[in-house]
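Along the sequence shown, residues are numbered consecutively beginning with 1.
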Amino acid sequence: MIGKSPRSVAGQVFVLQVALVVVLVVCAVFALVLQSERDTSTEARRRSIAVAETFAHSPGVVEALRSPHPSAVLQPLTEAGRKSAGVDFIVVMDKKGIRYTHPIPSKIGKRFVGRIAPSLAGHVYTESVHGPLGHEVQATVPIRDDRGKVTALVSAGLKVKNVTNAVDRQLPIILGAGAAALVVSTGGTALVGRRLRRQTHSLAPDEMSRMYEHHDTVLHSVREGVLIVQDNGRLLLANDEARRLLELPVEAEGHTVRELTCLDADMVELLSSGREATDEVHFAGGRLLAVNQRPTHPEGGPRGTVVTLRDSTELQAVSGRAEVTRERLELLYDAGLGIGTSLDVVRTADELAQLAVPRFADFVTVDVADAVLHGEEPGPTATDMRRVAVSGIRDDHPLYERGRLIDFLPSTPQALGYDAGRTQLVTDLSAASGWQAQDPERARQIVDFGIHSLISAPVQARGVVLGMVNFWRSKREAFDEEELSLAEELVARAAVSIDNARRYAREHALAVTLQRSLLPRALPEQSALDVGYRYLPAQSGVSGDWFDVIPLPGGRVALAVGDVVGHGLHAAATMGRLRTAVHNFSTLDLPPDELLSHLDDLVGRIDQDEACADTSGEIVGATCLYAIYDPVARRCVMARAGHLTPALVYPDGSATFPPDVPAGPPLGLGGMPFRTAELDVPEGSQLVLYTDGLIEDRRRDLDVGMELLRRALEGHPQREPEESCQAVLDELLPERPGDDVALLIARTRALPPENVADWDVPGDPAAVSGMRGAVSAKLAEWGLAELGFGMELVLSELITNAIRYASEPIHVRLIRDRTLICEVADGSSTSPHLRYAATTDEGGRGLFLVSQMTERWGTRYTPQGKVIWAEVALPKGGELPGVPGFEIPDIPLE
């Protein structure tokens with residue numbers, strides 16, 4: 001045909017192509033025959049169903065069935081219908097299958113050949129049977145009367161051989177098309193064969209085989225891995241070395257590299273990128289591989305890359321040692337930064353334990369001499385050791401719990417290390433009898449838990465051993481000698497901090513206690529009250545009376561007066577704790593009754609702690625009065641816990657003790673709730689809070705002292721609070737009082753109505769825009785237009801959050817005080833929380849923006865829901881409205 005050699009590859013390919021075309025044509029003809037047979041059967045069923053259903057619904061059929069001789073009436077009708085419809089038979093039968101009609105009259109009265117049960121159930125049923133006429137396809141349809149009841153059946157069908165077969169018409173066309181395709185394919189194959197002969201240089205098959213064998217031998221014998229990857233990432237070839245290095249499965253060729261789960265992510269990225277790479281180092285299959293990759297796309301060939309791999313595992317050991325060294329240096333660096341952040345023994349020990357897990361050990365316990373916790377010198381042996389820190393990868397470990405007092409036996413690693421001042425290593429705890437002697441049952445539990453090795457390092461500073469740090473391992477390999485130095489270095493960094501904390505505790509315990517008991521040297525600045533105060537210590541010196549003035553959000557001010565029973569350092573220290581607690585609780589903006597409940601719990605815990613630590617069983621007794629004054633509403637809310645009723649001096653000079661302030665039990669008794677009273681306080685009134693040392697005296701009754709206080713206060717409405725304080729002390733106290741006295745007199749101010757703006761906001765996001773405009777207008781009216789942009793942002797965020805996440809009613813209040821205060825109230829009790837939003841988050845930045853645009857912000861709860869407030873500093877140098885002569889201090893703004 002083209003003069004090719006019978007031995008050439010081109011000739012063999014040519015013959016193969018011709019044979020393939022012939023096979024395809026034959027397969028097409030065979031498929032057509034099968035398809036035609038299927039279509040023939042389908043056509044027979046379709047026509048049978050159509051004819052049977054048409055006859056079953058024909059008029060007069062039901063009446064004919066009811067006649068005395070149904071066959072006489074129906075036989076002519078079925079024959080006429082059969083001939084016109086082109087079917088071979090139409091048979092009408094009763095419900096028992098006895099024929100009324102049939103193309104062969106002798107078959108009338110005989111039983112119908114086929115299934116009739118589905119049709120009696122009301123269904124159309126088709127089947128293929130061998131009946132009187134031969135191989136038939138028939139459909140059986142029910143005949144229903146006027147009420148829809150099946151009264152008879154009709155079956156129509158035809159012989160399969162009588163259906164027009166499409167093969168007879170289409171087979172010549174298919175054969176002709178196949179012949180034409182064979183000619184075209186033969187010509188195309190000849191052209192391909194000619195080109196293939198040129199490309200193979202007319203090599204004979206045996207020559208091609210030898211060349212492939214040489215190529216295959218070289219490819220799979222070299223000690224370098226070779227990969228060929230298409231530009232779409234599909235792996236075309238991988239030699240034996242590449243399979244070994246990358247641990248490729250046998251069927252890897254033909255899959256894309258991203259489908260090969262055995263490859264590391266970095267290797268997948270490199271093989272998929274197609275970029276050029278020279279001696280790049282990658283981890284794969286536990287080996288360190290040097291990878292070279294070059295793109296290759298010969299003329300007319302597919303695009304792709306050729307990759308070579310060299311095993312550099314010997315470098316991995318060096319790299320691993322370098323990585324271990326780097327991790328140890330990093331651990332020591334973090335220890336230098338993270339251990340010893342406070343002068344507290346327990347916290348320093350906990351920082352060490354948290355840092356070492358799991359980077360160095362699976363569990364870490366820290367035991368210090370109990371004397372160290374009290375600032376004293378440790379003992380000479382490892383007895384009275386207090387476990388102060390426990391950290392581990394799991395919480396269900398059997399190690400001694402935190403807080404336990406332990407006496408280590410002399411045979412234990414802890415006692416040996418404590419006595420000698422040297423680190424002890426136990427590589428196999430299950431075989432260490434000296435360690436197990438401490439607590440055999442617990443030792444068995446520890447070994448069963450999986451903990452297998454231990455390093456016990458002494459906490460040593462300035463030549464004194466303060467305790468022991470125990471490093472335990474369970475999941476990782478056992479400790480070895482090389483890791484002793486790291487453990488010692490870690491403990492050494494913590495030892496100095498622990499010793500500093502011990503010395504600090506010893507040298508400053510009295511000073512810290514005394515400092516906490518000190519009363520405020522100056523009252524905070526606020527504009528709701530003019531405050532005067534006096535504190536007179538008793539003859540015994542330091543005692544437990546105290547008072548406080550605490551500014552609250554929204555221009556409100558909290559007043560607190562308390563009394564701790566007793567005198568001396570203990571009473572002063574307790575007073576300092578209570579005063580600090582009031583400050584902390586007030587930052588939560590709690591109502592007075594809730595704040596006193598928290599104080600009550602605190603005093604109860606103090607009693608329990610001291611009862612456990614001190615056998616004397618001294619119980620703390622304390623009273624407290626807590627009040628909150630709101631200059632906008634001109635109301636004062638207060639509650640008292642065993643404290644005396646406050647006095648109230650009205651602007652007309654009259655003085656009284658409000659009877660509506662309910663008395664509560666003293667702090668620490670527990671079990672009884674506290675109640676709150678609300679008082680309307682006109683502007684210019686004076687609230688007088690005091691301790692019992694002011695009115696109680698051995699020489700007079702309590703009622704007499706309260707009456708003397710009332711007389712000293714009334715009749716002087718214009719007197720300044722400081723003058724009132726001095727006048728009261730002069731009137732009631734002797735020259736040398738036997739008890740300490742705290743007196744606090746606060747004259748109320750009211751914020752002018754023009755300095756407050758209120759709006760009700762509908763629960764519609766569209767209302768935010770209107771609120772921004774209203775706020776801007778009000779700020780311009782107040783001369784604070786320069787704060788408009790920031791306040792608009794803050795209010796927009798707070799109102800939007802209320803509309804989206806809270807419930808109505810939503811109310812906005814703007815207060816011009818020492819700062820510009822905005823409040824958004826809603827009916828929900830859910831408090832928002834500030835968080836740091838990720839770069840991919842769509843939300844979560846609103847409250848962060850509020851915190852950056854304002855000086856302070858927060859949430860307080862009300863019986864109706866909550867109030868979210870924010871404060872913005874006023875421009876410096878401005879006069880505070882409503883307070884003549886008061887100038888806002890020139891404080892640098894952030």
Side-chain angles (χ1 to χ4, degrees), residues 528 551-558 586-591 594 628 630-633 635 637 751-782 784-835 837 843-874:
L552 299 177
R556 299 167 302 135
V557 178
S586 66
T587 59
L588 302 177
D589 216 347
L590 299 175
E594 292 186 23
I628 299 176
D630 187 351
V632 178
R635 294 183 65 82
V637 183
L751 200 63
E754 59 268 22
N755 288 357
V756 181
D758 295 85
W759 297 275
D760 290 321
V761 182
D764 184 0
V768 179
S769 176
M771 281 304 306
R772 287 199 299 264
V775 169
S776 297
K778 178 57 67 174
L779 292 179
E781 178 184 340
W782 286 344
L784 301 175
E786 59 187 285
L787 301 180
F789 175 78
M791 186 55 64
E792 285 183 17
L793 287 178
V794 172
L795 276 174
S796 294
E797 175 58 28
L798 297 182
I799 296 174
T800 301
N801 281 350
I803 293 174
R804 291 182 60 185
Y805 304 113
S807 58
E808 296 187 30
I810 301 173
H811 186 77
V812 175
R813 183 166 72 170
L814 204 62
I815 302 174
R816 184 186 181 193
D817 195 15
R818 304 176 71 88
T819 59
L820 182 60
I821 306 168
C822 68
E823 298 179 343
V824 178
D826 57 63
S828 170
S829 60
T830 302
S831 177
H833 296 282
L834 179 66
R835 68 183 180 91
R845 300 175 178 83
L847 291 179
F848 180 78
L849 179 63
V850 170
S851 67
Q852 298 299 309
M853 297 294 295
T854 60
E855 286 195 339
R856 295 191 307 159
W857 75 278
T859 304
R860 71 173 182 270
Y861 296 96
T862 65
Q864 297 78 26
K866 70 173 182 298
V867 176
I868 303 178
W869 55 268
E871 294 184 3
V872 177
L874 295 178

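Closest heavy-atom contact between R816 and L751: O-CD1, 3.8 Å. The minimum heavy-atom distance between A870 and V794, with the atom names listed, is CB-CG1, 4.0 Å. Among all heavy-atom pairs drawn from T859 and W869, the shortest one is N-NE1, 3.6 Å. Annotation for L795 and C822: closest pair CD2-CB, 4.0 Å, computed over non-hydrogen atoms.
Taking CG of L552 as the reference point, atom CG of D589 lies at 5.5 Å (rounded to 0.5 Å). Separation of atoms CZ (F789) and CG (L779) is listed at 13.5 Å; rounding is to 0.5 Å. In this structure, the separation between CD1 on I821 and OG1 on T819 is 4.0 Å, given to the nearest 0.5 Å. Annotation: the span from I868 atom CD1 to E797 atom CD amounts to 9.5 Å, rounded to 0.5 Å.
L798 pairs in a side-chain contact (heavy atoms from CB on, under 4.5 Å) with only one of the listed residues (V812, V824, V768), which is V824.
The side-chain contact (heavy atoms from CB on, under 4.5 Å) search around T862 returns Q864, V867, not counting sequence neighbours. Contacts of E871 classified as salt bridge (charged side-chain N to carboxylate O under 4.0 Å, His left out), with partners at least two apart in sequence or in another chain: R856. Not counting sequence neighbours, the partners of E781 by the side-chain hydrogen bond (donor to acceptor under 3.5 Å, both in side chains) test are K778. Legend: residues meeting side-chain contact (heavy atoms from CB on, under 4.5 Å) with L787, ordered by chain and number and at least two apart, are L784, L820, V872, L874, P875.
Within the structure, every pair that satisfies the side chain to side chain donor-acceptor pair (under 3.5 Å) test and touches residues 764-774, not counting sequence neighbours, is listed here: R772-S796. Judged as a salt bridge (charged side-chain N to carboxylate O under 4.0 Å, His left out), the pairs with a partner in residues 800-814 (not counting sequence neighbours) are, in order, R813-E823.
Counting only distance, with no hydrogens or angles, the side chain of W782 and the backbone of E754 share a donor-acceptor pair below 3.5 Å. Between the side chain of H811 and the backbone N or O of V761 there is no donor-acceptor pair closer than 3.5 Å.
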